[in-house]
Amino acid sequence: MGIKDILDLKQTKAEEPPKKKGVPKGIWSKCAACNKTIYQKDFLKNLKVCPECGFHYQLSARERLDSLVDPGTFEETNSVLLADDPLKFKANKTYRESLDQSKEKTALPEAVVTGWSKINGRLVMLGVMDFHFIGGTMGSVVGEKITRAVENATEAETPLIIVAASGGARMQEGMFSLMQMAKTSAAIARLGKNRMPYITVLTHPTTGGVTASFASLADVIIGEPGAMIGFTGPRVIEQTIKQRLPEGFQTAEFMLEHGMIDMVIERPKIKNTISDYLDMVLPVSKKKDTKEAIKDIMNRPLLDDVNNINKRIQKGISKIQEKVKGD
Amino acid sequence: MLDIERPIVELEKRLEDLKRLAKDRPDMFDSEIKLLEKNVAELKEKTFRDLSAWQKVQIARHPDRPLARDFIEMMFTGFIEVHGDRLFSDDPAVIGGPANLKKQPVMVIGEQKGRGTKERVKCNFGMPHPEGYRKALRLMKMAEKFSLPVISLIDTQGAYPGIGAEERGQAWAIAENLREMSALKTPIICVDIGEGASGGALAMGVGDRIYMLENAYFSVITPEGCASILYKDPGRAEEAAESLKMTADSLLRFGIIDGIIPEPLGGAHRGDQETADNLKKVLIKSMEELRDIEISELLDQRYERLRKIGVYEEGS
């Protein structure tokens with residue numbers, strides 16, 4: 001049986017996909033996942049994670065940036081790269097039409113936003129994908145922007161963080177899209193040689209040629225709870241093997257269990273998880289400018305640490321004193 | 001047999017029969033034979049010149065088309081097949097090992113579809129699991145260790161979409177091959193000998209030279225897959241094949257491949273050895289070109305080759 005036979009099968013075999021979850025919008029509204037009433041302010045403060053059941057609603061690229069970046073530090077790069085139409089592609093829609101619709105819907109020029117930003121004070125190169133732009137698919141522009149981000153991080157010796165959300169390679173650019181997988185992966189090979197940390201956050205959904213290239217090549221891979229992560233989408237797999245997929249197949253938790261990702265972290269904790277890791281692997285001496293490094297050392301908030309240690313010591317002393325008294 | 005081939009095959013059979021009959025009396029049927037030969041040649045020319053993308057896909061999938069193992073047998077000597085990824089199992093959809101190409105030892109790897117039902121099932125119709133890609137990578141590392149050039153033969157409808165494949169990290173295996181092949185310290189020559197669909201083909205397709213056989217296709221997805229998703233109708237695969245610009249001539253024009261290996265008129269299956277000889281010539285020539293390049297220079301060129309692929313507008 002080849003792919004043709006697989007695709008010829010009636011598509012009804014597959015389980016109905018879960019209903020699209022409308023994002024709660026009113027001041028008080030119901031979570032589409034747990035049906036409980038939630039207060040909009042809590043919902044937004046929780047970065048669009050349901051405070052009741054923990055369901056992670058999809059974020060736009062802008063919302064994602066706000067959730068990760070120190071306020072006012074984001075400097076966008078390569079926003080002027082725009083898709084061309086090398087194949088003059090036309091299916092039910094022309095590629096141009098798809099692009100225009102996505103641009104209007106998202107107010108973004110393409111499916112990824114890249115730029116310099118600070119995460120808890122540390123300069124990083126950041127790339128954030130937006131699933132609402134042609135399914136977050138990777139064509140020439142996404143591939144080029146990711147590659148430039150990787151090269152920028154390599155040259156400037158800064159860590160690289162990429163938040164993925166993608167249906168894979170963009171069919172409308174044919175082989176140009178497929179080759180972006182090789183291009184981005186080759187750039188990452190060079191980043192690795194420069195010993196710069198690379199972290200990816202895989203959000204719902206991350207599949208196909210994006211999972212099979214830069215997204216899975218990070219030193220540390222973080223998954224968002226419940227995110228669908230994999231190579232082939234579940235519908236095609238079900239049609240191939242002609243059986244239902246087990247519950248929880250291809251979730252972030254499933255990939256964690258199978259050793260493919262490092263951790264599953266709730267959205268509000270992702271920023272600190274990233275910066276804690278960077279603090280661990282990137283000692284100050286690795287920074288490019290010694291002067292800057294010295295400044296950093298001097299500016300380190302030592303006082304807090306000293307206070308904490310003092311507090312602990314105090315606690316210990318009082319415990320001992322109590323013990324002595326008790327005796 | 002393909003529909004477009006049927007009239008030719010019938011005519012060829014008639015010619016053969018006539019020739020057999022005329023063995024004892026050559027002069028008697030001479031004019032008929034000549035006429036028939038002329039007809040066959042004309043029909044072949046008419047049928048096989050300017051094939052559509054969809055027709056080429058049919059030829060690339062022809063059941064008699066030479067497969068990776070056939071090419072290895074026809075082009076190399078002393079092939080020592082090795083097995084396994086040292087992690088999980090041996091994937092028969094990927095074969096490989098050291099072999100001699102005109103007395104020069106190389107590492108050959110290939111995606112193997114299998115011939116006949118039994119072998120096709122064993123090879124999973126040429127759709128590798130993660131262990132297949134990891135086996136390929138293991139052999140490439142072995143090649144690097146002994147400075148053997150790598151010859152990679154691509155022939156797949158894609159990486160296998162199944163539960164085990166996902167559990168064992170299909171995407172991870174492909175991504176690692178892309179990264180490692182981009183930096184492997186030995187020359188890599190890739191040839192798409194038939195089907196080259198999606199990441200499952202690309203995972204064997206990063207190198208210093210990428211060639212395609214004349215009737216092979218290389219695409220982001222199979223035409224059926226594209227039709228099913230973008231046209232919402234798998235029956236429109238023929239249109240999708242055209243739209244995707246997946247044939248060798250388009251991809252040469254786009255600068256994505258470096259050359260096209262000619263096949264006999266009508267496809268490689270109408271002359272296996274001729275096709276293999278054509279390919280062998282090109283492999284020997286590019287190996288000679290690549291051999292003289294310093295490794296660091298070779299890797300820079302390999303990176304630049306990929307780096308410039310992409311079409312976009314850059315505003316200010």
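Note that the structure is a prediction, hence the values are computed from the model and not measured.
With respect to the salt-bridge test (charged N to carboxylate O, under 4.0 angstrom), the residues B:Glu180 and B:Arg134 do not qualify.
With a threshold of 4.5 angstrom between heavy atoms, B:Lys232 approaches chain A through its backbone and through its side chain. The parts of B:Leu230 that come within reach of chain A are both its backbone and its side chain, each placing non-hydrogen atoms under 4.5 angstrom from that chain. Only the side chain of B:Ile221 comes within contact range of chain A, with heavy atoms under 4.5 Å apart. Of the two parts of B:Ser219, only the backbone, made up of N, CA, C and O, holds a non-hydrogen atom closer than 4.5 Å to a non-hydrogen atom of chain A. In this structure, chain A has no heavy atom under 4.5 Å from any part of B:Glu239.
Inspection of the A:Ser166 and A:Thr206 side chains reveals no N or O donor paired with an N or O acceptor under 3.5 Å.
When each of A:Ala187, A:Gly209, A:Gly143, A:Gly230 is checked for heavy-atom pairs under 4.5 Å with chain B, A:Ala187 comes out on top. In terms of non-hydrogen atom pairs under 4.5 Å with chain B, the most contact-rich of A:Ala169, A:Ser79, A:Ala215, A:Gly174 is A:Gly174.
Relative to the ring axis of B:Tyr303, A:Arg190 places its NZ or CZ within 45° and under 6.0 Å from the centre.
If you take CZ on A:Phe176 and OG on A:Ser140, they are separated by 6.5 Å, rounding to the nearest 0.5 Å. Here A:Thr211 contributes atom OG1 and A:Phe231 contributes atom CZ; the two are 8.5 Å apart, rounded to the nearest 0.5 Å.
The aromatic rings of B:His62 and B:His269 sit parallel to each other, their planes meeting at less than 30°, with 60° as the upper class boundary.
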